[in-house]
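This report concerns only the one structure given below.
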Amino acid sequence: MAPDAGDRGLGERPAGRVLGPEFFVRDTLEVARELCGKLLVREQDGQVRYGRLVELEAYLGPDDLAAHSSRGRTPRTSVMFGPPGHAYVYLIYGQYHCLNFVTRPEGQPQAILVRALEPGPGVGRCGGPGLLTRALDIDRRLNGIPLAPPPLYVVDDGFRPERVVQTPRVGVEYSGVPWAEEPWRFCVPGLFLSRRLPASEEVRAHRVQQRARGPR
DNA sequence: AGCGGGATTAGC
DNA sequence: CTAATCCCGCTT
């Protein structure tokens, strides 16, 4: 008899390597860049949904004044000060949740914000940090959990993006120079980004796509 | 106890 | 450009 796994539209775990603490403990900018193109997987009630990470921002606290951890350890930000490879989830503007991956060893409060996801199986529209968490039903219940299956984890399925573009981070103007200008937003050019890239990069991305499509 | 603001989004 | 919406962190 066929086992009932994979039936009823539950979906299956994507093939690949699950990224653990040894991946996230490294230099935050390096981790952010390498996360581009990896799969974010959400498991809930036996259901598996996932999408590909296409936009991430590094927050290098405590020195980085745009990072929550720059104001010291508080109940809200305590997870950022903890061990790597954990989810830091917080509520923003009273209505949206933002998902971060904690990086660096315990005591170094750095993290990577997930800003956009190219939707995969079971994932609807999700163009922005507050919308992708809604699409994957991620909220503060998941704050502080280790990134491991289940219920939330990252998979390297072997895909390597052709290009990764860096720009300044979004919505941190208040932190002032140089923090507001550091190019710590990492994007895989294409649709699904939370915001458009600088015009020069859009043109480049368009050319790359045309070349990939081929002439005619 | 009160107050101001925010790593966002949708709508005018 | 602005309202929505509420938790958090700091001041009183």
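Quick note on labels: first sequence line is chain A, next is B, and so on, each numbered from 1.
Residue side chain A/Gln95 reaches the base of C/dA4 through a donor-acceptor N/O pair under 3.5 Å, judged by distance alone.
By the criterion of a centre-to-centre distance under 5.5 Å and near-parallel planes under 30°, the ring of A/Tyr174 forms no stack with the base of B/dG6. Here A/Tyr96 does not pack flat against the base of B/dT8, since the 5.5 angstrom centre distance and 30 degree tilt limits are not both met.
Taking the nucleotide of DNA chain C with the nearest heavy atom to each of A/Tyr93 and A/Arg76, the more 5' of the two is matched to A/Tyr93.
Atoms CG (A/Leu91) and P (B/dT9) sit 13 Å apart, rounded to a whole Å. Taking atom CZ on A/Arg73 and atom P on C/dC8, their separation rounds to 16 Å, with Å as the unit. Distance A/Arg195 CZ to B/dA10 P: 12 Å, rounded to the nearest Å. The nearest whole Å value for the distance from the CZ atom in A/Arg140 to the C1' atom in C/dT5 is 12 Å. Nucleotide C/dC6 holds its C1' atom 15 Å from the OH atom of A/Tyr90, rounded to whole Å. In this structure, A/Glu173 places its CD atom 16 Å from P of B/dG5, rounding to the nearest Å. Atom P of nucleotide C/dA4 and atom CD1 of A/Ile92 are separated by 18 Å, given to the nearest angstrom. Note: CG (A/Asn143) to P (C/dC7) measures 15 Å, nearest angstrom.
Side chain of A/Thr28 to main chain of A/Gln110: no donor-acceptor pair is present (N/O by atom type, distance under 3.5 Å, no hydrogens or angles).
Relative to the side chain of A/Thr74, the nucleotides C/dG9, B/dG6, B/dA10 differ in distance, and C/dG9 lies closest.
A close approach under 4.0 Å does not occur between any side-chain nitrogen or oxygen of A/Arg134 and OP1 or OP2 of B/dT9. A sub-4.0 Å separation between OP1 or OP2 of B/dA10 and a side-chain N or O of A/Arg125 is present.
Between A/Val172 and A/Tyr59, the closest side-chain pair of non-hydrogen atoms falls below 4.5 Å.
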Show the numbers, then the answer: is there a salt bridge (Lys or Arg N to Asp or Glu O under 4.0 Å) between A/Arg195 and A/Glu55? CA-CA 10 Å; A/Arg195 304 191 174 202; A/Glu55 182 179 346; over 6 Å; no
A/Leu117 and A/Val54: CA distance, side-chain angles, deciding distance, side chain to side chain contact (heavy atoms under 4.5 Å, CB included) verdict: CA-CA 5 Å; A/Leu117 202 63; A/Val54 293; 5.7 Å; no
Decide yes or no on side chain to side chain contact (heavy atoms under 4.5 Å, CB included) for A/Leu197 and A/Arg185, but give the supporting numbers first. CA-CA 10 Å; A/Leu197 293 170; A/Arg185 171 183 177 228; 4.2 Å; yes
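Note on A/Arg115: only backbone sugar-phosphate atoms sit closer than 4.0 angstrom, heavy atoms only; bases stay farther off.
Pairing of B/dG2, defined by two Watson-Crick or G-U wobble distances under 3.5 Å, is identified with C/dC10.
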